[in-house]
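Notes to accompany the following structure.
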Amino acid sequence: MKKIFLLLMAAVTIVACKNDDTDFSSYTNGSSSSSSTDPIPEDAIKVISITYNGGSVTVSGDDANCVTVNGADVTVTSEIDSLLLVLSGTITDGSLLVKRQKKYGIKLNGVSINNVDGPAINNQGSKYLYLEVADGTTNTLTDGTTYTEQVYDQKGAFFSEGEVYLYGTGTLNVTGNCRHAIACDDFIVIDDDVTLNISSPTGSGIKVNDGLWINNGTIDINVTADAARGIRCDSVVVINGGNTTIATSGDCVYDSQTADYSSAACIKCDYPFTMTGGSLTMTSRGDGGKGINCTRDIIFKGGTLVATTTGDNTDGKPKAIKSDTGIYVSGGSFKATVDVSWACDGGYGDDTTSDAERLEHCVNVEGTPTTKNITKKSVEIVY
């Protein structure tokens, strides 16, 4: 309960206060919590169980008739307060679509969903989704290589219009075969001891618009497409804990609109990247690949970061850590290496600037580290 409460408090600091129906943070596990700001009695939780059975679906607890089933495609349309959907079973061609404007919860309780023509789970709700990966379970979400056109968005094997709080102590495997593996038009918070195995041969592992916070968990991301990103965020990326491993292997792709090449990156973000704890290991093997490619500042305060780029520079310039405005290191263990080009690029100078000048400004080191080795192809700073 304490972790769930902390998760909720972290979320409050992320976004402005919003009017909503209830606090859902205490009952995705089926029990109320004294730490909740608005605890809900257990008998007030509306639990609907959805079990996928090979080629059919069994639904229980739906006395309000808010669930419709077409083959193995399940649609939930409901504004019932305190709704919790519990998913289990296996389906080779099925899905879950939720249409809802109130916060709610989904509990993955040993479920495997493969949808041949769309997302496995599509959350069309605009409020918080509390997504729990149940203790001791393994869950798998996979989409098809093509999507049937719909009136609503479909951007990944798991897609959400609203904020997602992802936590639990089980394992979730997500593969995106058409677009992304996990996609969200709002922000995502990852907490607790959840294990995430994410892969995509076509797009990003995680694509999120309004921010990504990794507070805990074990996350493994592997993307193989050209110019693909392990994590692609249009806002901030913050890592406070957990163990995250990201690998990319795709080469550059020429963008005719910008008349430039777009490269693969383990993390690509348009606002500051901040790391205060945990571990982050990144490997980019394709031509011109990047470990972190950030439009704003990269701020490293603690934890362990290892970024390795082994690709060539035929069409792009591989860099382990790249920021357009500055790289700031003040704690933890920070290591970046590259076979060719620059290990770290802090946005200083251009191709006319001497290597000595660029090297002097490639990383801003604060405080007194115990180890400080900075060369063009290798940067190691340890406190």
Identify each donor-acceptor pair in which a side-chain atom of residues 326-347 lies under 3.5 Å from a protein atom, sequence neighbours left out, and give them as a table.
from   : atom 1 : to     : atom 2 : distance (Å)
Ser341 : OG     : Pro318 : O      : 3.2
Asp345 : OD1    : Gly347 : N      : 2.9
Asp345 : OD2    : Lys319 : NZ     : 2.6

Just how far is it from atom [atom1] of [X] to atom [atom2] of [Y], taken to the nearest 0.5 Å?
X      : Y      : atom1 : atom2 : answer
Leu83  : Ile106 : CG    : CD1   : 9.0 Å
Ile113 : Asp93  : CD1   : CG    : 11.5 Å
Asp81  : Lys46  : CG    : NZ    : 12.5 Å
Ile239 : Asn216 : CD1   : CG    : 12.0 Å
Arg100 : Glu79  : CZ    : CD    : 5.5 Å
Leu166 : Ile219 : CG    : CD1   : 8.0 Å

I'd like to know if [Y] and [X] are part of one continuous hydrophobic network [Ile/Leu/Val/Met/Phe/Trp/Tyr, side-chain heavy atoms within less than 4.5 Å].
X      : Y      : answer
Phe159 : Ile206 : no
Ile374 : Ile299 : no
Leu141 : Tyr152 : no
Val174 : Ile190 : yes
Val116 : Val69  : no

For the pair Val306 and Leu280, evaluate side chain to side chain contact (heavy atoms under 4.5 Å, CB included) and give the outcome as yes or no after the intermediate values.
CA-CA 6 Å; Val306 178; Leu280 173 62; over 6 Å; no
Who passes ring pair (Phe, Tyr, Trp, His ring centres under 6.0 Å) against Tyr147, sequence neighbours left out?
none
Checking [X] side chain against [Y] main chain: does a donor-acceptor pair fall under 3.5 Å?
X      : Y      : value
Asn139 : Thr171 : yes
Asn122 : Leu97  : no
Arg232 : Gly230 : no
Asn114 : Thr92  : yes
His180 : Ser204 : yes
Asp62  : Cys66  : yes
Asn373 : Glu380 : no
Asn197 : Asp220 : no
Asn123 : Gly125 : yes
Gln154 : Thr148 : yes

Ion pair present between Asp355 and Lys376, side-chain N to carboxylate O less than 4.0 angstrom?
yes
Lys/Arg N to Asp/Glu carboxylate O, Arg179 vs Asp143, below 4.0 Å:
no
Non-hydrogen atoms of [X] and [Y] that approach each other most closely:
X      : Y      : result
Ser262 : Arg229 : OG-NH2, 3.1 Å
Ala134 : Asn109 : CB-OD1, 3.5 Å
Ala228 : Gly203 : CB-O, 3.6 Å
Cys252 : Asp287 : SG-O, 3.1 Å

Answer yes or no: is there a side-chain heavy-atom contact under 4.5 Å between [X] and [Y]?
X      : Y      : answer
Thr142 : Asn177 : yes
Ile121 : Val98  : no
Asp135 : Thr137 : no
Leu305 : Met275 : yes
Asn293 : Phe273 : no
Leu96  : Val76  : yes
Lys207 : Lys155 : no
Val86  : Ile50  : no

Please tell me whether [X] and [Y] have a donor and an acceptor in their side chains that are separated by less than 3.5 angstrom.
X      : Y      : value
Asn243 : Ser279 : yes
Ser263 : Lys290 : yes
Thr281 : Thr245 : no
Asp350 : Thr352 : yes

Should the heavy atoms of other residues, nucleotides or ligands under 6.0 Å from CG of Asn70 be counted, would the total exceed 12?
no
Atom OH of residue position Tyr383 - does it have more than 12 heavy atoms of other residues, nucleotides or ligands inside 6.0 Å?
yes
Taking only residues two or more places apart in sequence or in another chain, which ones pass salt bridge (charged side-chain N to carboxylate O under 4.0 Å, His left out) with Lys268?
Asp270
Below 30° counts as parallel, above 60° as perpendicular, anything between as tilted: where do the rings of Phe187 and Tyr165 land?
perpendicular
How are the rings of Tyr348 and His361 set relative to one another: parallel (under 30°), tilted (30 to 60°) or perpendicular (over 60°)?
parallel
The residue among Val237, Val236, Thr295 that forms side chain to side chain contact (heavy atoms under 4.5 Å, CB included) with Tyr271 is Val236
Could you please spell out the steps behind the side-chain hydrogen bond (donor to acceptor under 3.5 Å, both in side chains) verdict for Asp297 and Thr325?
CA-CA 5 Å; Asp297 290 350; Thr325 58; 2.5 Å; yes
Could you tabulate the donor-acceptor pairs under 3.5 Å formed by side-chain atoms of residues 51-59, not counting sequence neighbours?
from  : atom 1 : to    : atom 2 : distance (Å)
Thr51 : OG1    : Ser88 : OG     : 3.3
Tyr52 : OH     : Ser95 : O      : 3.0
Asn53 : ND2    : Thr51 : O      : 3.4
Asn53 : ND2    : Thr58 : OG1    : 2.8

Between Thr175 and Ser199, does a side chain to side chain contact (heavy atoms under 4.5 Å, CB included) hold up when you go through it step by step?
CA-CA 5 Å; Thr175 300; Ser199 62; 3.2 Å; yes
May I have the step-by-step check of side chain to side chain contact (heavy atoms under 4.5 Å, CB included) for Val189 and Val164, ending in yes or no?
CA-CA 6 Å; Val189 178; Val164 177; over 6 Å; no
For Thr276, all residues meeting side-chain contact (heavy atoms from CB on, under 4.5 Å), sequence neighbours excluded
Asn240, Thr274, Lys301
For Thr202, the side chain to side chain donor-acceptor pair (under 3.5 Å) test, sequence neighbours excluded, returns Ser200
